[in-house]
Amino acid sequence: LSHEVKDVGSYFTILKSIAAGHRRPSAIAAQMQIPQTSLSKLMTTLMELDLVERRVPVTEKQPEKSKKSLYYIKDHFLAFWFRFVYPYRSSLSLQNMEEAMAAIRRDFITAHVALVYEDICAEKMQTMAMEGLFGTPLFRIGRWWDPSTEIDVVGLGTDESTLVLGECKFQIRPVGTAVLQSLREKASRVAWGKDSETPRTIHCVLFSRGGFDRNLREIAASDPTVHLVEHVLPGMI
């Protein structure tokens with residue numbers, strides 16, 4: 001950054017804000033105490049430097065014009081550094097580790113690992129599509145949200161009639177049928193195809209670090225649209 005921009009401090013503040021979970025332009029601008037209109041050029045620079053990426057709901061037909069944008073730090077190591085190291089640099093310089101370690105103990109899974117896990121699950125969903133598990137290739141995969149609902153991973157089929165929804169649970173306890181039911185209920189909110197009434201085949205993919213309970217395994221065994229993925233990567237614990 002010091003080689004590319006003059007005001008390094010402003011860019012560090014943006015990255016710190018994003019790492020802390022302030023992903024909407026309005027929230028980032030509020031953290032910086034600047035008008036949102038002044039943020040655009042700064043964000044463009046960070047994206048051109050490949051440090052930040054802009055995401056919109058995967059179903060947006062004109063992503064470049066969407067006003068539903070969220071911003072993420074692209075590199076997971078940098079995201080960790082700006083979340084758990086940079087805010088505590090004063091105490092760390094004095095060899096006082098406790099404040100930073102307390103933040104890691106409190107927020108590491110929810111604020112960092114869970115987001116990394118979602119990205120890994122999205123890659124796994126693409127692999128599953130290439131293996132033919134959904135009956136069609138997926139031409140777009142990403143998150144989906146509206147003002148009241150979020151879906152971790154959504155894949156759109158090239159046939160315009162297949163929708164793949166994914167829920168990512170980085171938890172120790174097994175996932176049960178309630179998670180599947182919730183994901184199916186969310187499906188009704190996702191408008192996809194030529195219009196919201198287009199007949200669709202909906203696949204539900206549940207990713208879980210802690211496995212699945214017996215009832216959910218029985219449902220998956222008899223329903224070809226329910227897919228359970230326990231080990232996203234070989235050797236994952």
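Side chains are part of it too, since the values below use all heavy atoms of this structure and drop only hydrogens, waters and symmetry mates.
- Within 6.0 Å of CD on E185 lie more than 12 heavy atoms contributed by other residues, nucleotides or ligands.
- Pairing each heavy atom of S69 with each of V56, the nearest pair is CA-CG1, 4.0 Å.
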task: Run the numbers on R54 and E64 for salt bridge (Lys or Arg N to Asp or Glu O under 4.0 Å), then give the verdict.
output: CA-CA 9 Å; R54 174 179 175 268; E64 65 282 353; over 6 Å; no
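- Note that R217 lies outside the cation-pi zone of F212, set by a 6.0 Å cut-off to the ring centre and a 45° limit from the axis.
- In this structure, Y86 and F12 have perpendicular ring planes: the angle between them is above 60°, well past the 30° mark.
- Within the 4.5 Å cutoff, no side-chain heavy atoms of F82 are placed close to those of I18.
- Distance check: S188 OG to I202 CD1 gives 8.5 Å after rounding to the nearest 0.5 Å.
- With S93 contributing its side chain and S90 its backbone, the two residues share a donor-acceptor pair below 3.5 Å.
- F134 and M130 fall into different hydrophobic clusters, where Ile, Leu, Val, Met, Phe, Trp and Tyr side chains are chained together by heavy-atom contacts under 4.5 Å.
- A heavy-atom distance below 4.5 Å is not found between the side chains of V5 and L42.
- When hydrophobic clusters are built by joining Ile, Leu, Val, Met, Phe, Trp and Tyr residues whose side-chain heavy atoms come closer than 4.5 Å, directly or via intermediates, W81 is grouped together with L51.
- At distances below 3.5 Å, not a single donor-acceptor pair connects side-chain atoms of E131 with backbone N or O atoms of L133.
- Between H112 and F108, the ring planes are parallel. Angles under 30° get that label, and only those over 60° would be called perpendicular.
- In this structure, the side chains of H203 and T136 stay at 4.5 Å or more apart for every pair of heavy atoms.
- Among residue pairs with one or both ends in residues 13-27, none qualify as side-chain hydrogen bond (donor to acceptor under 3.5 Å, both in side chains); sequence neighbours excluded.
- I73 and I109 end up in the same hydrophobic cluster when Ile, Leu, Val, Met, Phe, Trp and Tyr side chains are linked at under 4.5 Å.
- Few gaps surround CZ on R105; more than 12 heavy atoms of other groups in view lie less than 6.0 Å from it.
- Both L228 and I151 belong to a common hydrophobic cluster when Ile, Leu, Val, Met, Phe, Trp and Tyr are linked at side-chain heavy-atom distances under 4.5 angstrom.
- Here the CG atom belonging to D50 is positioned 9.5 Å from the CG atom belonging to D75, to the nearest 0.5 angstrom.
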message: One pair to check against side-chain contact (heavy atoms from CB on, under 4.5 Å): L165 and K186. What are the steps and the verdict?
response: CA-CA 9 Å; L165 310 179; K186 292 178 182 179; 5.6 Å; no
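- The heavy-atom pair separating A129 from L138 by the smallest distance is CB-CG, 3.6 Å.
- One finds the OG atom of S10 at 12.0 Å from the NZ atom of K41 (value rounded to the nearest 0.5 Å).
- Linking Ile, Leu, Val, Met, Phe, Trp and Tyr residues whenever their side-chain heavy atoms come within less than 4.5 Å places Y117 and L78 in a single cluster.
- When atom types are taken as modelled, the side chain of S91 and the backbone of Y88 share a donor-acceptor pair closer than 3.5 angstrom.
- The two residues G176 and D213 come nearest to each other via the heavy atoms CA-OD2, 3.1 Å.
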task: Evaluate side-chain contact (heavy atoms from CB on, under 4.5 Å) for M101 paired with I104, printing each intermediate quantity in order.
output: CA-CA 5 Å; M101 288 305 301; I104 290 174; 4.1 Å; yes
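- Rounding to the nearest 0.5 angstrom, the gap separating the CG atom in D152 from the CE atom in M125 is 9.5 Å.
- W145 belongs to a hydrophobic cluster whose remaining members, ordered by chain and number, are L70, Y72; membership requires side-chain heavy atoms of ILVMFWY residues under 4.5 Å apart, directly or through intermediates.
- Annotation: side chain of D107 is in contact with side chain of R83 (closest heavy-atom distance under 4.5 Å).
- In this structure, the side chains of C204 and L180 come closer than 4.5 Å at one or more pairs of heavy atoms.
- Closest of all the heavy-atom pairs between M47 and Y71 is SD-CE2, 4.0 Å.
- Contact record, T110 with A114: O-CB, 4.0 Å, taken as the closest heavy-atom pair.
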task: Would you sort out whether S182 and E167 count as a side-chain contact (heavy atoms from CB on, under 4.5 Å), showing the intermediate values?
output: CA-CA 10 Å; S182 174; E167 187 76 19; over 6 Å; no
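- Partners of D159 under the side chain to side chain donor-acceptor pair (under 3.5 Å) rule, at least two apart in sequence or in another chain, are S161, T162.
- L46 is listed as a side-chain neighbour of L1, based on a closest heavy-atom distance under 4.5 Å.
- To the nearest 0.5 Å, atom CE of residue M43 and atom CD of residue Q36 are 10.5 Å apart.
- Counting heavy-atom neighbours within 6.0 Å of L94 CG, excluding the residue itself, gives a total above 12.
- Counting all heavy atoms, side chain and backbone alike, N215 lies closest to T177 at CB-CG2, 3.8 Å.
- To the nearest 0.5 Å, atom OG of residue S208 and atom CZ of residue R173 are 9.5 Å apart.
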- prompt: Checking side-chain contact (heavy atoms from CB on, under 4.5 Å) for the pair L39/I14: CA distance, chi angles, key distance, verdict?
  reply: CA-CA 9 Å; L39 186 66; I14 291 174; 3.9 Å; yes
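- Side-chain contact check for V153 versus C168: some heavy-atom pair is nearer than 4.5 Å.
- Side chains of L156 and L163 form a contact here, defined as non-hydrogen atoms less than 4.5 Å apart.
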